[in-house]
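Structure record follows, encoded as structure tokens.
In what follows, chains carry the letters A, B, and so on, assigned in the order in which the sequence lines appear, proteins first and then strands, with residues in each chain numbered from 1.
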Amino acid sequence: MSETVITRFAPSPTGYLHIGGARTALFNWLYARAKGGRMLLRIEDTDQARSTEGAILAILDGLRWLELDWDGEPVYQLARAERHRAVAEQLLAQGNAYRCYASPEELAAMREQARADGRAPGYDGTWRDREASDAPAGTHPAIRFKAPREGETVIEDQVQGRVVVANKDIDDLVILRSDGSPTYNLSVVVDDHDMGITHVIRGDDHLTNAARQAQIYRALGWDTPIFAHVPLIHGPDGAKLSKRHGALGVEAYRAMGYLPAALRNYLVRLGWSHGDDEIMSMDDVVRWFDLDAIGRSAARFDFAKLENLNGHYLRGTADAELVRSLQALVPELPDGAELGRRIDAEGWRQLERAMPGLKERAKTLVELLDNAAFLFAKRPLELDEQAAKLLDPAARQTLAELLPGLEAVEPWSPEALEACVRDFAEATGRKLGKVAQPLRAALTGRSASPGIFDVLDVLGREESLARIRDQALSIESA
RNA sequence: GCUCCCUUCGUCUAAUGGUUAGGACGUCAGGUUUUCAACCUGAAAACAGGGGUUCAAUUCCCCUAGGGGGUACCA
């Protein structure tokens with residue numbers, strides 16, 4: 001009997017959706033899709049001190065941007081606290097848990113002592129067998145899980161393989177705080193069980209939790225889900241890619257001009273592989289994805305490769321769609337407001353017309369937009385250093401000589417323009433580059449741009465000639 | 001400290017008990033070209049170290065080193 005696969009992505013809303021979380025979500029999504037199952041979303045907001053509404057929104061937004069959809073409504077863990085509490089009480093009634101009256105000070109002292117003795121700094125089980133009558137008056141106890149002390153707990157992990165933890169190394173964890181709120185390890189078990197989760201795919205920072213959780217499953221008489229602990233993603237320097245060490249939320253990648261398709265492709269190859277395949281559609285990946293092809297070692301995040309992939313996807317995206325992406329991106333840019341004002345409807349149309357030449361030359365949407373700056377520039381153009389160097393007296397002379405021919409070009413099409421410029425170069429014994437580069441500098445203010453005949457075409461006759469005159473004329477006045 | 005996991009070119013990775021250890025990104029050198037990209041060709045570049053097991057280990061086992069995770073009344 002084959003059971004429907006149900007995975008879940010369970011972020012805690014204490015920050016944005018970071019890149020590791022995004023990959024975890026992607027893997028869960030892929031596995032569910034690959035097996036014809038479902039992926040559920042659970043917001044683990046039980047840490048009320050750190051969870052924020054804004055973070056929840058940022059995470060949902062990040063998932064939507066990555067086009068990772070989930071099935072059904074998100075489950076909010078906090079809303080299920082009553083159920084978690086009931087399970088804790090059940091564990092207590094069954095004798096699988098006990099009340100612990102130790103104060104925070106006592107616990108701290110206990111940890112310190114254990115450390116000094118070279119032992120694992122876990123709870124020592126003081127209240128495991130003490131009578132309730134010993135309880136100090138007026139204190140609210142926490143409830144601790146009575147973890148087995150003998151033997152070992154085995155996790156048959158789909159990625160990590162067989163992981164064995166000695167039970168003596170697992171202490172009695174608190175499942176219900178003294179204020180009556182459930183803790184993570186209890187909530188996860190109850191929720192995963194109640195939601196019918198069949199496969200838990202998450203970062204391997206949860207690997208040791210899995211052993212604790214397995215013990216709780218057992219005490220409750222529930223089947224454990226299948227675990228798959230995916231290695232973490234490290235920064236370019238090999239250090240942990242944590243929120244504190246410059247890890248970025250997916251919205252930062254969006255703002256840097258990356259395409260969701262490129263990020264997904266990059267992320268899926270971080271830890272998972274299918275032979276020598278690098279560029280894969282999500283349809284391909286869904287067809288091929290499985291847990292056994294996930295590697296066991298951590299990967300470093302490499303922007304260079306992401307950029308390369310992004311360039312690939314950029315080139316493969318339709319012009320009109322790129323314009324829409326750009327329109328959505330502009331407000332998120334640092335100078336977005338100013339830029340948004342400068343580009344009018346006509347500007348967007350021009351941008352789309354210039355897109356074939358632009359998308360060939362950019363690795364990100366941000367770079368693309370920067371390369372398109374000449375479209376929105378106002379005369380007289382500001383020349384960058386190299387363009388200024390290019391427009392030496394000889395070049396300005398060339399432009400002056402070229403001008404009459406260009407003025408007569410009819411129609412103003414790339415083909416006709418190219419014929420005109422080539423004829424001019426040939427007739428005057430110049431190499432094409434000697435004409436094209438000054439033109440480029442005059443028209444775009446830079447030394448690099450899309451094909452120069454396309455630039456002339458997109459800019460139009462009037463604006464092109466005016467920009468050329470701006471530069472050619474200066475020699476006559478000089 | 002205790003405990004768990006990991007280790008193939010700079011990076012992401014493939015493969016195999018016997019291979020010239022493959023691909024991709026990046027780098028370098030050419031080609032193409034109106035610039036820059038793209039594209040094409042080529043090059044340099046890896047089995048962490050030490051022990052075993054075996055006719056034979058990059059591959060299996062052990063140790064060491066290095067890296068990472070966990071070690072909360074956080075998730």
_4.5 Å side-chain heavy-atom contact, A:Phe145 and A:Leu186_ = no
*asked:* Need one value for A:Val421: base, sugar-phosphate or nothing, where a base atom within 4.0 Å counts as base even if backbone is also close, heavy atoms only.
replied: nothing
_pair A:Asp284-A:Asp277: side-chain heavy atoms closer than 4.5 Å_ = no
*Both distances under 3.5 Å, Watson-Crick or G-U wobble: report the partner of B:A57, or none.*
none
*For A:Asp179 and A:Ser181, test the side chains for any donor-to-acceptor distance below 3.5 angstrom and give the result as yes or no.*
yes
*Please state whether the base of B:C4 and the side chain of A:Thr208 form at least one donor-acceptor pair under 3.5 Å?*
no
Below 3.5 Å is the cut-off: list the nitrogen or oxygen pairs between protein and nucleotides 8-15 of chain B, distance only.
{"residue": "B:C12", "atom": "OP1", "partner": "A:Arg300", "partner atom": "N", "Å": "2.9"}
{"residue": "B:C12", "atom": "O2'", "partner": "A:Arg269", "partner atom": "O", "Å": "2.9"}
{"residue": "B:C12", "atom": "O2", "partner": "A:Lys305", "partner atom": "NZ", "Å": "3.3"}
{"residue": "B:U13", "atom": "OP1", "partner": "A:Gly271", "partner atom": "N", "Å": "2.6"}
{"residue": "B:U13", "atom": "O3'", "partner": "A:Ser273", "partner atom": "OG", "Å": "3.2"}
{"residue": "B:A14", "atom": "OP1", "partner": "A:Ser273", "partner atom": "OG", "Å": "2.8"}

*Look at A:Asp191 together with A:Arg8 and state whether they make a salt bridge at an N to O cut-off of under 4.0 Å.*
no
*asked:* Rounding to an integer number of angstrom, what distance separates B:G30 and B:A37 when you compare their P atoms?
replied: 15 Å
_Pairwise P distance for B:C60 and B:G17, with rounding to whole Å_ = 9 Å
*Note, A:His206 side chain near A:Phe227 side chain (heavy atom, < 4.5 Å)*: no
*asked:* Can you tell me which nucleotide in B:G68, B:A75, B:U34 comes closest to the side chain of A:Thr183?
replied: B:A75
*Just name whichever nucleotide pairs with B:U19, Watson-Crick or G-U, keeping both distances under 3.5 Å, else none.*
none
_Nearest-angstrom distance from the residue atom CZ of A:Arg212 to C1' of B:C73_ = 13 Å
*asked:* Return the pairing partner of B:A29 with a 3.5 Å limit on both distances, Watson-Crick or G-U wobble; otherwise return none.
replied: B:U41
*Look at all strands and tell whether A:Thr46 reaches a base, only sugar-phosphate, or nothing, counting heavy atoms closer than 4.0 Å.*
sugar-phosphate
*Between A:Arg162 (CZ) and B:C5 (C1'), how many Å, whole number?*
16 Å
_Rounded interatomic separation in angstrom, taking CG from A:Asp277 and C1' from B:C25_ = 15 Å
*Using a cut-off of less than 4.0 Å, is there contact between a side-chain N or O of A:Arg296 and OP1 or OP2 of B:U7?*
no
*For A:Glu418 and for A:Ser178, find the nucleotide of RNA chain B with the closest heavy atom, then tell me which residue's nucleotide is more 5'.*
A:Glu418
*Take atom CZ of A:Phe227 and atom P of B:C4, then tell me their distance rounded to the nearest Å.*
18 Å
*Does the ring center of A:Tyr258 lie less than 6.0 Å from the ring center of A:Tyr313?*
no
_Applying the Watson-Crick and G-U wobble criteria at under 3.5 Å, what pairs with B:G1? Answer none if nothing qualifies._
B:U71
*Going by atom types alone, do A:Asn209 and A:Tyr184 pair a side-chain donor with an acceptor below 3.5 Å?*
no
*P-based separation of B:G22 from B:U16 [nearest Å]*: 15 Å
*Would you mind telling me which of B:A75, B:C36, B:C4 lies closest to the side-chain atoms of A:Ala448?*
B:C36
*Round to a whole Å and report the spacing from CG of A:Asp192 to P of B:A75.*
14 Å
_Residue A:Asp205, side-chain heavy atoms: nucleotide from B:A75, B:G69, B:C73 that is nearest_ = B:G69
*In whole angstroms, how far is the C1' atom of B:U3 from the CD atom of A:Glu152?*
14 Å
*Check every atom of B:A75, B:C4, B:U34 against the side chain of A:Val163 and return the nucleotide holding the closest atom.*
B:C4
*How far, in whole Å, is B:A46 from B:C2 if one measures between their C1' atoms?*
34 Å
*Taking the C1' atom of each, how far is B:U8 from B:G23, in whole Å?*
13 Å
*asked:* Other residues, nucleotides and ligands only: do more than 12 of their heavy atoms fall within 6.0 Å of CD on A:Glu426?
replied: no
*Side-chain N or O of A:Ser449 less than 4.0 angstrom from OP1 or OP2 on B:U35?*
no
*Do A:Pro141 and A:Leu176 come close enough that some side-chain heavy atom pair is under 4.5 Å?*
no
*Euclidean distance for P, B:U27 against B:G67 (whole angstrom)*: 29 Å
_Any donor-acceptor pair under 3.5 Å linking the side-chain atoms of A:Gln77 with those of A:Arg80?_
no
*asked:* Suppose we define a pair by two distances each less than 3.5 Å, Watson-Crick or G-U wobble; what does B:A65 pair with here?
replied: B:U7
*Between atom CD in A:Gln48 and atom P in B:C73, what is the gap in whole Å?*
17 Å
*Would you classify A:Ala211 as touching base, sugar-phosphate or nothing, given that sugar-phosphate means primed atoms plus P, OP1 and OP2, and contacts are heavy atoms under 4.0 Å?*
nothing
Name each donor-acceptor pair under 3.5 Å that joins a side chain in residues 288-296 of chain A to protein atoms two or more places apart or in another chain, with its distance.
{"residue": "A:Asp290", "atom": "OD2", "partner": "A:Lys35", "partner atom": "NZ", "Å": "3.2"}

*Distance-only side-chain donor-acceptor flag, A:Gln213 / A:Asn185, under 3.5 Å*: yes
*When we call it a touch if two heavy atoms are under 4.0 Å apart, what does A:His229 touch: a base, just sugar-phosphate, or nothing?*
nothing
*asked:* What contact category does A:Ile452 fall into here, base, sugar-phosphate, or nothing, at under 4.0 angstrom with non-hydrogen atoms?
replied: base
Close N or O pairs between protein and nucleotides 37-45 of chain B (under 3.5 Å):
{"residue": "B:A37", "atom": "O2'", "partner": "A:Glu360", "partner atom": "O", "Å": "2.9"}
{"residue": "B:A38", "atom": "OP1", "partner": "A:Lys363", "partner atom": "NZ", "Å": "3.4"}
{"residue": "B:A38", "atom": "O3'", "partner": "A:Arg315", "partner atom": "NH1", "Å": "3.4"}

*A:Asp45 CG to B:A75 P: how many Å, rounded?*
10 Å
*Distance between P atoms of B:U11 and B:C55 (Å, rounded)*: 37 Å
*B:A44 and B:A24: how far apart are their P atoms, nearest whole angstrom?*
15 Å
*asked:* Does a side-chain N or O of A:Arg446 approach OP1 or OP2 of B:C36 to a distance below 4.0 Å, or not?
replied: no
*Could you tell me whether the side chains of A:Arg446 and A:Thr444 share a donor-acceptor contact shorter than 3.5 Å?*
no
